[in-house]
Participant: 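Take this structure first; my questions come after.
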2 protein chains.
Amino acid sequence: MTLDERKRQILQSIIKDYVETAEPVGSRAVVRKHDLKISAATVRNEMADLEEMGYLEQPHTSAGRIPSERGFRYYVDCMMENETLSEEQLEDLRKAITSSVRDLDQVIAQIAQFLSQITRYTSFVIVPSVSATQFRYLQLISLNPGQALIILVTDLGVIMHRKIDIPLSVTNEDLENIGSLFNKVFASRRLDELRRTDLRALREELYQRRNVIDTALDALELLLQSSKEERVVVSGVLNLLNEPEFKDLEKLRRFLSLLEEEGAIKNRLPQDIGDNVNITIGRENPEDMKDMSVVMAGYKTFGEMGKIGVIGPVRMEYWRAAGTVEAVRDLLKETFY
Amino acid sequence: MTLDERKRQILQSIIKDYVETAEPVGSRAVVRKHDLKISAATVRNEMADLEEMGYLEQPHTSAGRIPSERGFRYYVDCMMENETLSEEQLEDLRKAITSSVRDLDQVIAQIAQFLSQITRYTSFVIVPSVSATQFRYLQLISLNPGQALIILVTDLGVIMHRKIDIPLSVTNEDLENIGSLFNKVFASRRLDELRRTDLRALREELYQRRNVIDTALDALELLLQSSKEERVVVSGVLNLLNEPEFKDLEKLRRFLSLLEEEGAIKNRLPQDIGDNVNITIGRENPEDMKDMSVVMAGYKTFGEMGKIGVIGPVRMEYWRAAGTVEAVRDLLKETFY
DNA sequence: GTTAGCACTCGACAGCCAAGAGTGCTAACA
DNA sequence: TGTTAGCACTCTTGGCTGTCGAGTGCTAAC
């Protein structure tokens, strides 16, 4: 399975050219463009070998060769060197991430945008649920007669809130009392430990307002439920249009509706990848992403694993994508946790 | 400028057919499909007249005719009857809007989604700034040593928040004091009246914590600033792909990058339309939307004007789009405000 | 083992032709 | 005077053909 130096060089040249031009590359072109010290005929022999080994394929007789998925896989595994980001780009990103005034949602959006801008592919950021974090603060605020707002703050500064309907007779004071009761009972509990059963006592203590408490608990439960969902942010979908493989509208539509479908990408990504940079090429992905490649990495925030990555055509600049994803992951690593 | 009954009927038939098929429609087809009681030859004469008047045009000799933008304009102004929604659809929407547990952002997303789903075009919802609403509540919550969260609630239940850095020496008690001071000073003020100058007094009252107050004020200012921005939600971009006019990738890309550009659509929509249903066709729009049509309506929430609408090709089912937009506007009218 | 030469293959592209859809015009008709 | 049938004409569409060029595989010479 190991290739000699010349074959490796030829494979690499073909990959680079093909990724750049999206056209099959011929023997003559490869020699000329990369200043190889051998003749086109020799290259042809080597290419025939590489094809037999499954690293190249020919769309039809008398076209040039294109790298097969297996060829890309070999390149990625055995030859690739990640391209590094410029100091300037890193600085930009660092600024976006650490600016403490912005909240989590915005930071995530920024990261996704950064990834897609630098790589020119479609990027995604998956943020783990916040359920494992700690409860910091709960507040009930009256809005109009009959409506109140329940606000829940976790120690990461994540805020969840929801409107609830309350009886007209409930006073501001009532709300305050109930709120401080909640706080007392829940102080510094982990969100995933909050269970309705823990709240019996609370309910009995303020019996005459139990319907308010019940409503609040319902709302709380809904909030907790939604906090369990990972969030997925996608950016740079437009970049797809630059790739000639998407001149086929049907393909484009299929992929776009995949992206639009709630949770669809998330489920189609490899699981349990740790925090390494992981690359899946073409048919290594699930059926409906079989002509895309994914370059992704895990990152850890507050004990949970999230994922970042980019999605592009199989004919992808893996070296650049992997370098960028890696750099972003490292930055997340040193910033969060 | 007024057409006789037969011309109107022919124009209408051609519009309906063309909108449906996206192909030029010929005289024979029109007679057959719409059971007109006249012959194709007569229709040909009428069509020639309509063309001369500018309501139809011919892509080339010996193709059928297609409605010109002026033809669509005439139809929309003088002949169109809005299609009404089914009771069922209205009920769905009403439920989505009024479910009081969901917050504003979600309701908006729902409305946009509803619009795009029913019309099968791309929809947008522009939400006016909340700056004119009243301040209800402000809270400072400590997160970690050195970090706090400032939360601002308006009486509509809109929540704005931001992390701030604070000196390590600031205690929870300090935060509480500052918070209640803010509340005292601002109680029930309109957001657009909050000005830094009003806060002199406050700053002096807690002189030893003035740096915290300043930080909080900075954050507050940023929040108010962002609250002044209208939000724009777009939904159903995918629907574009169904329209044959977007088989041209270049066109598609241009429009998509328009959508991605912050505030771009907003600036390209007609201003000051009141709450009527307003239709702009093709070149009536700004240059870079000159082959799109927009059907939109204004709606009033809490004293400010917002907009809802759909964007599609010139070859649009105006009757359906207008009916839907109108229905949603009416529902918003009776629900909000 | 490498290279040059050469015949062969196949896709891309332009040109051509036939079919079909639709028109405009004219003459006949009510 | 408005309506209709007939007919010649126009223009697009799709299929077919032949040419061109890129690229290959094979063979023989180095």
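Just so it is clear: chains get the letters A, B, ... in the order the sequence lines come, proteins before strands, and each one is counted from 1.
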Participant: Starting at the 5' end of DNA chain D, which residue's closest nucleotide do you reach first, B:Ala40 or B:Pro59?
Facilitator: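 Final value for this comparison: B:Ala40.
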Participant: Using whole Å, what does the distance between atom P of nucleotide C:dT3 and atom CZ of A:Arg28 come to?
Facilitator: 15 Å
Participant: Under 6.0 Å from the CZ atom of A:Arg28, do we count more than 12 heavy atoms belonging to anything else shown?
Facilitator: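 At most 12 heavy atoms, drawn from other residues, nucleotides or ligands, come within 6.0 Å of this atom.
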Participant: Rounded to whole angstroms, how far apart are CG on A:Asp49 and P on D:dC26?
Facilitator: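 Answer to the nearest Å: 12 Å.
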Participant: What's the NZ-C1' distance between A:Lys37 and C:dG1, to the nearest Å?
Facilitator: 19 Å
Participant: What is the distance, rounded to the nearest whole Å, between atom CG of A:Leu50 and atom C1' of D:dT24?
Facilitator: 15 Å
Participant: Indicate yes or no: does A:Asp4 engage A:Arg8 in a salt bridge with an N to O separation below 4.0 Å.
Facilitator: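 The answer is no: the pair does not qualify as a salt bridge.
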Participant: Is there a side-chain contact between A:Arg65 and the phosphate of D:dT24, meaning an N or O under 4.0 Å from OP1 or OP2?
Facilitator: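 So the side chain of A:Arg65 is within the cut-off, an N or O lying under 4.0 Å from OP1 or OP2 of D:dT24.
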Participant: Let me know the distance between CZ of B:Arg32 and C1' of C:dA21, rounded to the nearest Å.
Facilitator: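 From B:Arg32 CZ to C:dA21 C1': 11 Å.
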Participant: Just to confirm, is there a sub-4.0 Å distance from OP1 or OP2 of C:dC8 to any side-chain nitrogen or oxygen of A:Thr61?
Facilitator: no
Participant: Rounded to the Å, how far apart are B:Asn45 CG and D:dG6 P?
Facilitator: 16 Å
Participant: So does B:Glu81 have more than 12 non-hydrogen atoms from other groups sitting under 6.0 Å from CD?
Facilitator: no
Participant: Paired with D:dC30 by Watson-Crick or G-U wobble geometry, both distances under 3.5 Å: which nucleotide is it?
Facilitator: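 For D:dC30, the partner nucleotide comes out as C:dG1, under the 3.5 Å rule.
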Participant: Report the distance from atom CD of A:Glu51 to atom C1' of D:dG25, rounded to the nearest whole Å.
Facilitator: 12 Å
Participant: Under 4.0 Å, heavy atoms only, any strand: does A:Ala63 hit a base, just the sugar-phosphate, or nothing?
Facilitator: sugar-phosphate
Participant: In this structure, how many angstroms lie between the C1' atom of D:dT24 and the CD atom of A:Glu52, rounded?
Facilitator: 15 Å
Participant: Does B:Ser39 contact D:dT4 through a side-chain donor or acceptor facing the base, at a distance under 3.5 Å?
Facilitator: no
Participant: Among D:dG25, C:dC10, C:dT23, which nucleotide sits nearest the side chain of B:Gln58?
Facilitator: C:dT23
Participant: Between A:Glu317 and A:Arg120, is there a side-chain N and carboxylate O pair less than 4.0 Å apart?
Facilitator: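 The answer is no: the pair does not qualify as a salt bridge.
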Participant: Reckon B:Thr42 touches a base, only the sugar-phosphate, or nothing at all at heavy-atom distances under 4.0 Å?
Facilitator: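 Counting heavy atoms under 4.0 Å across all strands, the contact made by B:Thr42 includes a base.
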Participant: Determine yes or no for a side-chain-to-main-chain donor-acceptor pair under 3.5 angstrom, with A:Arg268 supplying the side chain and A:Asn285 the backbone.
Facilitator: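 The answer is no, because no donor-acceptor pair under 3.5 Å joins these two groups.
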Participant: Paired with C:dC8 by Watson-Crick or G-U wobble geometry, both distances under 3.5 Å: which nucleotide is it?
Facilitator: D:dG23
Participant: I'd like to know if A:Arg44 reaches the base of D:dG25 with its side chain, counting only an N/O donor and acceptor under 3.5 Å.
Facilitator: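 Per atom types, the contact qualifies.
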Participant: Sort out the partner of D:dT17 for me: Watson-Crick or G-U wobble, both distances under 3.5 Å, none otherwise.
Facilitator: C:dA14
Participant: B:Ala41 side chain: which of D:dT4, C:dA4, C:dT23 is closest?
Facilitator: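 Closest nucleotide among those given: D:dT4.
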Participant: Would you confirm whether A:Asp248, through its side chain, and A:Glu250, through its main-chain N or O, come within 3.5 Å as a donor-acceptor pair?
Facilitator: yes
Participant: Out of D:dT10, D:dG23, D:dT3, which nucleotide sits closest to the side chain of B:Arg6?
Facilitator: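 It is D:dT3.
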Participant: Given C:dC10, C:dT23, D:dC11, which nucleotide is nearest the side-chain atoms of B:His60?
Facilitator: D:dC11
